[in-house]
Protein chains: 2
Amino acid sequence: MTAPSEEPKVSLRERIVGQLRAQIESGSLKPGEQVPSENALTDEFGVSQTTARAALAVLRGEGLIHVVRGKGAYVRGFKPILRDATTRLSAQQWAAGHAIWLADLGLRPMGVDRIDVSRANAPDDVAELLRAAAVVVRDRVYSVEGRPVQWAVSYIPADLAAGTPIERPDTGPGGTYARLRDIGHEPVKFVEQVRVRMPNPVERKHLKLDVGQPVAVIRRTAATAADRVVEVNDMVLVGDAYVMQWSFTS
Amino acid sequence: MTAPSEEPKVSLRERIVGQLRAQIESGSLKPGEQVPSENALTDEFGVSQTTARAALAVLRGEGLIHVVRGKGAYVRGFKPILRDATTRLSAQQWAAGHAIWLADLGLRPMGVDRIDVSRANAPDDVAELLRAAAVVVRDRVYSVEGRPVQWAVSYIPADLAAGTPIERPDTGPGGTYARLRDIGHEPVKFVEQVRVRMPNPVERKHLKLDVGQPVAVIRRTAATAADRVVEVNDMVLVGDAYVMQWSFTS
DNA sequence: AAGTGGTCTAGACCACCTT
DNA sequence: AGGTGGTCTAGACCACTTC
């Protein structure tokens with residue numbers, strides 16, 4: 001009698017997710033705008049609050065919205081930062097490196113939320129790389145437009161850094177690498193290892209992360225021409241805040 | 001009368017999450033082992049199934065467990081693959097690049113699940129980079145140990161690739177780049193741009209991803225010495241399957 | 001006070017896997 | 001058949017924000 005069923009096959013949650021995602025991606029819900037509240041979704045789709053919540057949780061997990069307790073859920077809008085490892089640390093130009101993916105990653109001021117400098121014993125794996133246990137630790141959180149975007153912890157052998165501006169929060173022009181150069185240990189070789197994962201609770205706290213937001217974890221080792229490792233820098237980057245770029249030749 | 005309350009402050013869900021996470025990280029729950037089922041958690045912690053589910057969902061989101069419908073939840077254990085862009089594409093050696101983070105990323109055979117080669121019109125942004133709309137598209141999924149780990153789509157200008165082995169699934173020794181060299185368009189300059197985000201539904205399907213697993217999205221552009229872009233390769237890497245590495249000098 | 005999200009319960013039904 | 005996860009409801013109470 002009835003027409004063959006259309007086989008929706010998608011759960012109520014996914015139907016809500018799909019509609020909202022489409023609205024966000026099409027721009028009919030603009031960055032900063034409020035997403036329909038749980039109650040609104042309850043009415044509109046005739047589902048329970050639990051289901052409406054589950055739908056919003058999925059969008060959170062995709063980083064499309066962020067949520068403020070007691071206020072509402074809002075469409076994310078954050079222009080990613082271009083982090084170009086090779087041209088920041090070297091001065092090369094790459095003709096092929098222009099206009100890839102993003103034209104408008106304008107440079108924006110990056111501030112330091114917090115910085116702690118101390119002497120300590122390095123974790124085992126770091127000590128092995130540096131061939132030194134006693135290190136100066138530079139621990140800081142960077143922010144852009146009021147939002148924490150990176151947590152970085154650097155380890156420099158204490159026998160190099162002790163008593164130098166590296167032990168001061170502000171290391172002066174050119175930063176730690178320039179100071180290492182001043183004392184005859186200029187780093188010239190760099191290796192960056194990158195992992196992608198969900199943040200642990202400590203990282204979530206430092207970076208004020210919403211649940212479901214992935215991070216990139218970068219370990220950079222910096223070595224001199226004589227292959228002495230003079231710095232290990234462990235960085236945690238908020239995933240949707242960055243586009244990372246590396247350039248190289250064959 | 002009673003002792004001052006201990007102010008648990010953590011939700012039931014977080015308490016369950018914390019205990020299971022500790023067990024996984026301490027190794028008392030080993031990779032491949034089954035995590036207590038929802039019913040078991042319901043009994044052990046005296047919570048509803050919904051709450052037990054929510055706890056497991058968090059661990060899924062952190063990539064610590066994966067779930068098989070009708071069977072159970074299991075501790076993840078997958079040795080990540082080392083993807084060294086610079087030494088794979090060049091032949092350089094980096095003394096400082098050894099023994100960073102992971103000693104035992106033994107090379108494992110990477111197979112091709114599926115490969116489709118076709119001619120098509122490139123997406124606008126790719127066409128702009130290649131300065132050509134007509135392209136050969138190489139679309140494939142790679143697997144390691146039966147698990148999809150990467151989805152890669154390459155675009156090569158059709159006026160270069162047409163009629164060459166690049167249009168065949170197996171491009172022969174040295175791959176696409178060797179064939180481009182054969183016809184006088186050897187790529188020598190590379191730029192890789194990397195984003196970190198949650199996968200969209202299409203990516204989740206291709207890579208058979210569990211919910212809550214982040215991916216790295218890499219766009220590599222390969223250019224000749226004359227700065228002609230001869231390939232754009234869009235890759236989606238399963239986050240926890242990889243450690244990506246780049247090396248460079250200042 | 002009213003609206004928002006955050007947590008949780010008790011119970012239901014379904015789909016999938018193993019025995 | 002029985003266990004597992006997947007989806008969903010109806011309702012409760014709490015914490016936070018705005019008015």
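Every chain is numbered from 1, with letters handed out A, B, ... down the list of sequences. As a basis for the values below, the full set of heavy atoms in this structure was taken, side chains included, without hydrogen atoms, waters or symmetry mates. Since we're looking at a predicted model, the values are computed, not measured.
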>> Restricting to non-hydrogen atoms, name the atom on A/P199 and the atom on A/Q213 that form the minimum distance, rounded to 0.1 Å.
In response: CD-O, 3.0 Å
>> Quick one about B/S154 and B/R220 (side-chain donor to acceptor, distance below 3.5 Å, no hydrogens or angles considered), yes or no?
In response: no
> When you measure from the side chain of B/R138 to the backbone N and O of B/I166, does any donor-acceptor pair fall under 3.5 Å?
Replying inline: yes
>> Treating primed atoms plus P, OP1 and OP2 as sugar-phosphate and everything else as base, which nucleotides of nucleotides 11-19 of chain C get B, S or - for protein heavy atoms under 4.0 Å?
In response: BB--BBSS-
>> Show me the pairs that pass ring pair (Phe, Tyr, Trp, His ring centres under 6.0 Å) and involve residues 201-220 of chain B, at least two apart or across chains.
In response: B/W151-B/H206
> Atom CG of A/L56 to atom C1' of C/dG3: distance rounded to whole Å?
Replying inline: 15 Å
>> In whole Å, I'd like the distance from the CG atom of A/L12 to the P atom of D/dG6.
In response: 17 Å
> Between B/Q23 and B/E33, do the side chains contain an N or O donor and an N or O acceptor separated by less than 3.5 Å?
Replying inline: no
> Which nucleotide in the list D/dC8, C/dT9, C/dG6 gets nearest to the side chain of A/T51?
Replying inline: D/dC8
> Yes or no on side chain to side chain contact (heavy atoms under 4.5 Å, CB included) for A/V194 and B/V196, after CA distance, side-chain angles and deciding distance?
Replying inline: CA-CA 11 Å; A/V194 184; B/V196 173; 5.9 Å; no
> Would A/R114 and A/D139 count as a side chain to side chain contact (heavy atoms under 4.5 Å, CB included) if you check the C-alpha gap in whole Å, the side-chain angles of each, and the deciding distance to 0.1 Å?
Replying inline: CA-CA 8 Å; A/R114 172 186 66 71; A/D139 182 323; 3.0 Å; yes
> Rounding to a whole Å, what distance do you find between B/R53:CZ and D/dT7:P?
Replying inline: 6 Å
> When you measure from every atom of DNA chain D, which of residues 30-45 of chain A have a heavy atom less than 4.0 Å away?
Replying inline: none
> Taking all non-hydrogen atoms of both residues, which atom of A/T176 and which atom of A/T171 are closest, and how far apart?
Replying inline: N-OG1, 3.6 Å
> Between B/R60 (CZ) and D/dG5 (P), how many Å, whole number?
Replying inline: 10 Å
